[in-house]
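The structure appears right after this line, and notes come after that.
Numbered from 1 within each chain, the chains take letters A, B, ... in sequence-line order. Heavy-atom basis, side chains included; hydrogens, waters and symmetry copies ignored.
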2 protein chains.
Amino acid sequence: MTEVAAARRDVLLATAEQLFAARGYQATSVRDIAEAMDIKAGSLYAHIETKEDLLWEILTAAADRFFAAADPIVESDLLPMEKLRQLIAAHVQVITDGASLAAVYMNEWRHLTDLRRTEFTARRDAYEALVRGIVRDGIRSGELADLDEKFATLLILSSMNWIYQWYRTDGPMTPDEIARKLTEMLFKGLRRAGA
Amino acid sequence: MTEVAAARRDVLLATAEQLFAARGYQATSVRDIAEAMDIKAGSLYAHIETKEDLLWEILTAAADRFFAAADPIVESDLLPMEKLRQLIAAHVQVITDGASLAAVYMNEWRHLTDLRRTEFTARRDAYEALVRGIVRDGIRSGELADLDEKFATLLILSSMNWIYQWYRTDGPMTPDEIARKLTEMLFKGLRRAGA
DNA sequence: CCTACCGATCGGTAGG
DNA sequence: CCTACCGATCGGTAGG
């Protein structure tokens with residue numbers, strides 16, 4: 001593949017990502033994508049075989065980013081709570097860095113056909129297991145309270161994953177501020193200390 | 001309208017709700033809905049004018065439930081933190097009581113056409129404002145820490161709204177247990193007390 | 001609630 | 001990357 005063709009493919013993926021995030025996969029036609037690129041629908045098929053390939057590549061790229069951000073932290077020898085703090089910062093960074101990528105990742109995977117959907121959810125579960133492992137270690141080390149491990153993991157993931165819904169690049173908070181505030185609220189709780 | 005016709009309409013709405021929750025609005029055809037009811041697609045239009053009417057009625061019913069659960073608590077004269085505790089329990093109850101309704105509520109509203117989408121998001125914002133009002137009062141009364149009010153509200157809402165993703169009627173936790181655990185984690189935080 | 005049908009749009013292909 | 005087109009499916013309607 002030539003460099004130019006590779007670049008065109010990246011434009012195609014970025015265009016599809018934006019439209020899938022804004023309207024959803026099913027509501028986005030190949031003609032919508034082509035029009036946004038100023039080409040004809042049939043021309044897309046010089047780059048892909050099916051519309052689902054676009055979704056699959058976007059979802060795979062998103063999963064790759066989350067793992068690339070988390071893996072070095074998980075494998076480090078930091079204490080569990082510091083691992084958790086850094087993982088939250090890294091995860092939030094991935095989301096704020098590509099809010100439309102995150103939106104597709106959270107919402108559109110169920111439109112994959114069976115085999116790919118199974119592979120996707122397996123990776124998602126594996127990521128959840130990484131977070132859960134840190135939570136478990138934190139409970140054992142005594143840094144975290146004696147929590148329901150699975151429930152706490154879901155609370156952490158859900159609070160992070162909701163961010164793409166309201167985050168705006170031109171909003172008042174930087175990604176780091178978001179991560180810091182979230183970590184503090186999750187760790188310390190909403191109650192006034194001593195109340 | 002006869003009672004029989006009203007009952008058929010309820011079946012239609014319940015069927016659409018299930019399918020919209022499972023596959024998404026756009027991926028569900030009127031033929032899918034008709035087939036699930038063992039009738040022909042054209043027959044649906046004895047009950048509705050457009051497919052979007054189904055989505056709109058489901059979303060309106062969902063919003064009604066959330067407000068019906070929250071309003072008496074908001075208008076009570078309980079202390080802010082107790083209000084928040086009860087609101088979380090009531091909100092979780094609505095979600096666990098109808099996980100597919102909640103799924104449609106969270107995911108499918110963006111497929112509404114402009115006017116209805118605007119009305120929907122306005123109601124959603126109004127609900128968020130209810131929660132935020134309690135959070136504000138809790139901060140002022142000193143029951144809650146000196147939090148970023150909006151951020152804390154989003155944390156509470158996101159942690160509640162994620163529940164439909166994993167809740168199963170035959171799972172190990174009752175709705176009350178979920179609400180209790182969630183409240184405790186949100187209020188006390190994940191860190192070991194004194195750590 | 002059914003039969004029979006409408007125009008529009010869908011994802012995708014052949015040949016250039 | 002385009003033109004021209006394919007069969008399938010879409011939401012919806014008329015008349016019974």
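In plain terms, the two heavy atoms of A/N107 and A/Y164 that are nearest each other are ND2-OH, 3.0 Å.
In this structure, the side-chain contact (heavy atoms from CB on, under 4.5 Å) partners of B/T113, at least two apart in sequence or on a different chain, are B/E52. Residues forming a side-chain contact (heavy atoms from CB on, under 4.5 Å) with A/A36 (at least two apart in sequence, or on another chain): A/T15, A/L19. With sequence neighbours excluded, the residues that form a salt bridge (charged side-chain N to carboxylate O under 4.0 Å, His left out) with A/D64 are A/R123. A search for salt bridge (charged side-chain N to carboxylate O under 4.0 Å, His left out) contacts involving B/R110 returns A/E108, not counting sequence neighbours. Residues satisfying the salt bridge (charged side-chain N to carboxylate O under 4.0 Å, His left out) criterion with B/K51, sequence neighbours excluded, are absent altogether. Scanning for side-chain hydrogen bond (donor to acceptor under 3.5 Å, both in side chains) contacts around B/E128 gives an empty result, with sequence neighbours left out.
Heavy-atom distances under 4.0 Å link DNA chain C to no residue of residues 16-30 of chain B. The stretch residues 32-42 of chain A touches DNA chain D through A/I39, A/K40, each having a heavy atom within less than 4.0 Å of the strand. A heavy-atom distance below 4.0 Å to DNA chain D is reached by these residues of residues 43-58 of chain A, ordered by number: A/S43, A/A46, A/H47.
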Report summary line: With both pairing distances under 3.5 angstrom for Watson-Crick or G-U wobble, and | for a partner in another strand, the correct string for DNA chain D is ||||||||||||||||

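Checking B/S158 against B/N161 by side-chain atom types alone, no donor-acceptor pair falls below 3.5 Å. Side chain to side chain, A/D53 and A/T50 meet the donor-acceptor criterion of an N or O pair below 3.5 Å.
Open room surrounds CG on B/D146; 12 or fewer heavy atoms of other groups in view lie less than 6.0 Å from it. A 6.0 Å sphere centred on CD of A/E119 holds no more than 12 heavy atoms belonging to other residues, nucleotides or ligands.
Contacts classified as ring pair (Phe, Tyr, Trp, His ring centres under 6.0 Å) and involving residues 33-89 of chain A (residues at least two apart or in different chains) are given here: A/F66-A/H91, A/F66-A/Y105, A/F66-A/Y127, A/F67-A/Y127.
Put simply, the side chain of A/I156 does not reach to within 4.5 Å of the side chain of A/L182, judged on heavy atoms.
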Requested in this report: Could you check A/E57 against A/R9 for side chain to side chain contact (heavy atoms under 4.5 Å, CB included), going step by step and ending with a plain yes or no?
Outcome: CA-CA 11 Å; A/E57 291 201 38; A/R9 207 159 188 286; 2.7 Å; yes

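A/K83 contributes no side-chain N or O that, together with a main-chain N or O of A/I134, makes up a donor-acceptor pair within less than 3.5 Å.
Protein chain A touches strand DNA chain D; the 5'-most and 3'-most nucleotides with an atom under 4.0 angstrom of its non-hydrogen atoms are D/dC1 to D/dT3.
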